[in-house]
Amino acid sequence: MKTPVTVLGLGAMGTALAQAFLAAGHPTTVWNRTPGRSPELEGAVRAATAAEAVAASPLVVVCLLVDTTVRDTLDGIDLTGKVVANLTNSTPDQARALSDEFVARGASYLDGGIMAVPAMIGGPAAFIFYSGDSAAYERHQADLAPLARPVYVGKDAGLAALYDIALLSGMYGMFAGAQHALALMQSEEIPAVEFAEQFLIPWLTAMLGTVSGMAADLDNPPAPGTAGSNLAMQAAAFDNLIDTAVAQGVDPSLLVPVGDVLNKAVAAGHGDEDLAAMIRVLKTNA
Ligand code: FVH
């Protein structure tokens, strides 16, 4: 028999996770604060309380709104001998603190960062970062695999959240650029889909290819004066991005902080370097 699993939280993501467990043949117990959610989960056992749900399975997958929701939901519940895999979005520090607390209460803790939207769960592009108790991960890696490709990133329980937040930060920055570009096109009523498909997506895709070079420059700083697109030149041109936005009636708020960091890097003496130098001035604990 497959490992019985419990899913706490039947929001959009928790429901998708429970569906994937059921499809893979795991006896699945579910609980949600508001009863009656996700009637499509045929075959799942619906626990009346979170405590009853936790007691039902050795592996407890938690997917609730935020860290405090997890703490409140599991407050006072016996976790002895359970493996808690918390897939709720968290900060690294929240994950580490929760790990310490749950381990003290007798559980093994895994933190997870889901790199997928609900429709992607169980599909080939989805993956989940895990960190924390390595023995618990090895014991349950195969059980967790139907959700999404599992990627273990280390024993420090905060690491999965760090990887997750890093990817989400990259995503929001990328979306911010795309949103601003589309707003500029809208200012002249240029059709959005055509612009996006013909120009914006191919351009961003080509530029994404340069990120590996930026990363390589971080690992091995290049010789001075070898930048193909030096920051002093980029800072000088960046004013045109802001001025154009204002002239077109587009709020430049999404761009202004990028220009600020660019100027900070030039002021710090990195004007003859490439984009990796912006990353160096982002460090606040140097
Ligand atoms: N959906 C997504 O695209 C992203 C993908 C990456 C991972 N995130 C994170 O997953 C967590 C859950 O997200 P979700 O999409 O399931 O969120 P909702 O559909 O809004 O469901 C929220 C669930 O949390 C329950 N809940 C909220 N507050 C409380 C509370 N005080 N006590 C107990 N449960 C609570 C809520 O229950 P109810 O409102 O139905 O009673 C839902 O089960 C999240 O960390 C994402 O960042 C999703």
Side-chain angles (χ1 to χ4, degrees), residues 89-95 113 115 129 153 158-286:
N89 183 275
S90 311
T91 68
D93 283 347
Q94 286 170 342
M115 305 320 302
F129 291 121
V153 290
L159 283 178
L162 185 66
Y163 277 75
D164 178 11
I165 298 285
L167 292 195
L168 291 180
S169 302
M171 178 190 80
Y172 279 111
M174 177 189 72
F175 285 155
Q179 286 159 342
H180 185 86
L182 287 166
L184 284 178
M185 291 297 104
Q186 288 240 296
S187 71
E188 295 293 345
E189 296 180 358
I190 294 167
V193 171
E194 197 178 313
F195 171 73
E197 292 181 354
Q198 276 192 5
F199 301 114
L200 183 58
I201 295 168
W203 169 249
L204 292 181
T205 304
M207 288 300 100
L208 269 182
T210 68
V211 172
S212 53
M214 210 187 299
D217 284 354
L218 266 190
D219 289 343
N220 296 301
T226 57
S229 306
N230 73 72
L231 287 190
M233 171 278 291
Q234 295 199 47
F238 207 87
D239 286 345
N240 289 345
L241 274 62
I242 305 296
D243 292 346
T244 301
V246 173
Q248 292 294 137
V250 172
D251 183 341
S253 295
L254 291 173
L255 282 189
V256 167
V258 180
D260 290 346
V261 176
L262 197 45
N263 288 325
K264 186 177 168 190
V266 173
H270 298 292
D272 64 345
E273 297 176 40
D274 222 317
L275 284 168
M278 286 175 71
I279 302 166
R280 297 186 204 289
V281 300
L282 284 178
K283 283 186 188 169
T284 55
N285 61 353

Kindly compute the distance separating [atom1] ([X]) from [atom2] ([Y]), expressed to the nearest 0.5 Å.
X	Y	atom1	atom2	value
His180	Leu254	NE2	CG	7.5 Å
Met214	Met207	CE	CE	9.5 Å
Asp243	Leu241	CG	CG	9.0 Å
Glu273	Met278	CD	CE	12.5 Å
Ile279	Leu218	CD1	CG	4.0 Å
Phe238	Asp260	CZ	CG	8.5 Å

Closest approach of [X] and [Y], non-hydrogen atoms and distance?
X	Y	answer
His270	Ala277	CB-CB, 3.6 Å
Phe129	Val153	CD2-CG1, 3.7 Å
Asn230	Gly271	OD1-O, 3.2 Å
Ala160	Gly113	CB-N, 4.2 Å
Leu182	Ala196	CD2-CB, 4.5 Å
Ala95	Ser90	N-CB, 4.5 Å

With sequence neighbours excluded, tell me which residues meet side-chain contact (heavy atoms from CB on, under 4.5 Å) with [X].
X	value
Gln234	Ser229, Leu231, Leu262, Asp274, Leu275
Pro92	Arg96, Ala161, Leu162
Pro222	Asp217, Thr226

Step by step, work out the side-chain contact (heavy atoms from CB on, under 4.5 Å) result for Asn89 and Ile165.
CA-CA 9 Å; Asn89 183 275; Ile165 298 285; 4.3 Å; yes

Donor-acceptor side-chain pairing of Asp251 and Ser253 below 3.5 angstrom:
yes

Parallel, tilted or perpendicular: ring planes of Phe199 versus Phe195, cut at 30 and 60 degrees:
tilted

